[in-house]
Amino acid sequence: MKKFEGRTVMVTGAGKNIGKEIALSFAAEGANVIVCDYNRENAEQTALEIEGMGVSAMAAVCDVRDRKAIFAYAEEGIRRFGKIDILVNNAGGSADLLKKLSRFVDAEPETLDFVLDTNIKGTMNCTQAVLKSMIKEKYGKIINISSIAAVCGLYDRVDYAAAKAAQIGMTKALAMEVGEYNICVNCVSPGAIARNGKILNHMTFLGESGRGGTPRDIAETVLFLASQDFITGQNFIVDGGRTLGPGHR
Ligand SMILES: NC(=O)c1ccc[n+]([C@@H]2O[C@H](COP(=O)([O-])OP(=O)(O)OC[C@H]3O[C@@H](n4cnc5c(N)ncnc54)[C@H](O)[C@@H]3O)[C@@H](O)[C@H]2O)c1
């Protein structure tokens, strides 16, 4: 029997890169997957690939900022699969998505709203959409994808660093509230992870491991956490050592 057979996972931002790798990895371990992404083509492509792996997939084409749509898709998923066991809040990004990276002193209020809404409100929306069902089932794993920006900052991304740090705070407080229902809440904070197969050029410190990260590095950590029931409220930095102090090189 595969590790996640009979489980249903909802992964946001599963249309490409880290989220897609997480979605495919759960499917390879037997889980049915709700593929949430606002990019219809990519969401449907991921869902198609998952169906091809012999499990079921449902494309949930919506923006995680759209609370009504997220709740509707969660309800549809629960109707179809009976429950949602695992939620991975991966959809997110910086003002770079709007091509509006800037020093904080110049950041426009609309950009701040966009970054905070996408990363922290989106995470809260999706979590609330599945939480009642998890509590009823007395089972759940919630894994939030934050960033090392939350713990060491990142130039031109004050809003993003703040929103990602908020995910870590949320992880800890929520873990306290839902532990009694056998629900674990954890956070994974990636360092520089290849996007579309390319190492990110603006994050060139490669850390003690001497290599840039891949979506696989993050997916493996997420699947590990989803298989544990005694780890909760924690933030796992997966960055090849980039946030360590000065090294010997
Ligand atoms: N790549 C990195 O180096 C890195 C480092 C630290 C943290 N992260 C975090 O990991 C997560 C994934 O990063 P990535 O590099 O794979 O991002 P990406 O931009 O390559 O992919 C993000 C996916 O999420 C979707 N998405 C974005 N906003 C959405 C929204 N509001 N609603 C629904 N779907 C949405 C996009 O369509 C896309 O398919 C993000 O939360 C990001 O902040 C990434």
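Counting begins at 1 with the first residue of the sequence. All values derive from a computational prediction rather than experimental measurement.
Linking ILVMFWY side-chain heavy atoms closer than 4.5 Å, directly or via other members, places M10 and V33 in two distinct hydrophobic clusters. Hydrophobic clustering (ILVMFWY, side-chain heavy atoms < 4.5 Å, transitive): I86 and V35 are in one cluster.
Under the 3.5 Å distance criterion, the side-chain polar atoms of T118 are left unmatched by any main-chain donor or acceptor of G92. Under the 3.5 Å distance criterion, the side-chain polar atoms of N39 are matched with a main-chain donor or acceptor of N42. The main-chain N or O of V115 is found under 3.5 Å from a side-chain atom of N119 such that the two form a donor-acceptor pair. R157 contributes a side-chain N or O that, together with a main-chain N or O of Y155, makes up a donor-acceptor pair within less than 3.5 Å. With hydrogens and angles ignored, the 3.5 Å screen pairs no side-chain donor or acceptor of N90 with any backbone N or O of I145.
Residues A74 and V130 share a closest heavy-atom pair of CB-CG1, 4.4 Å. Across I50 and A57, no two heavy atoms sit closer than the pair CG2-CB, 3.6 Å. The minimum heavy-atom distance linking M134 with I84 is given by the pair CG-O, 3.6 Å. The two residues L225 and I231 come nearest to each other via the heavy atoms CD2-CG2, 4.1 Å.
Other residues sharing a hydrophobic cluster with V158 under the 4.5 Å side-chain heavy-atom criterion for ILVMFWY residues are F104, L112.
For the atom pair CD (E180) and CG (N182), the distance works out to 11.0 Å, reported to the nearest 0.5 Å. Note that CD1 of I18 is 12.5 Å distant from CZ of R216, once rounded to the nearest 0.5 Å.
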Hey, can you pull the donor-acceptor pairs under 3.5 Å for the side chains in residues 137-144, sequence neighbours left out?
from, atom 1, to, atom 2, distance (Å)
K141, NZ, Q228, O, 2.7
N144, OD1, N89, ND2, 2.9
N144, ND2, T171, OG1, 3.0

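Taking a cutoff of 4.0 Å between a charged side-chain nitrogen and a carboxylate oxygen, E110 and K100 do not qualify as a salt bridge.
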Handout entry: Residue pair S189, F236: steps toward the side-chain contact (heavy atoms from CB on, under 4.5 Å) verdict
Key = CA-CA 6 Å; S189 290; F236 292 82; over 6 Å; no
Problem - Criterion salt bridge (charged side-chain N to carboxylate O under 4.0 Å, His left out) on E44 and R40, from CA distance to verdict - result: CA-CA 6 Å; E44 289 179 350; R40 175 174 296 278; 3.1 Å; yes
Problem - CA sep, side-chain torsions, deciding dist, call: T243, D239, side chain to side chain donor-acceptor pair (under 3.5 Å) - result: CA-CA 7 Å; T243 49; D239 72 343; 2.7 Å; yes
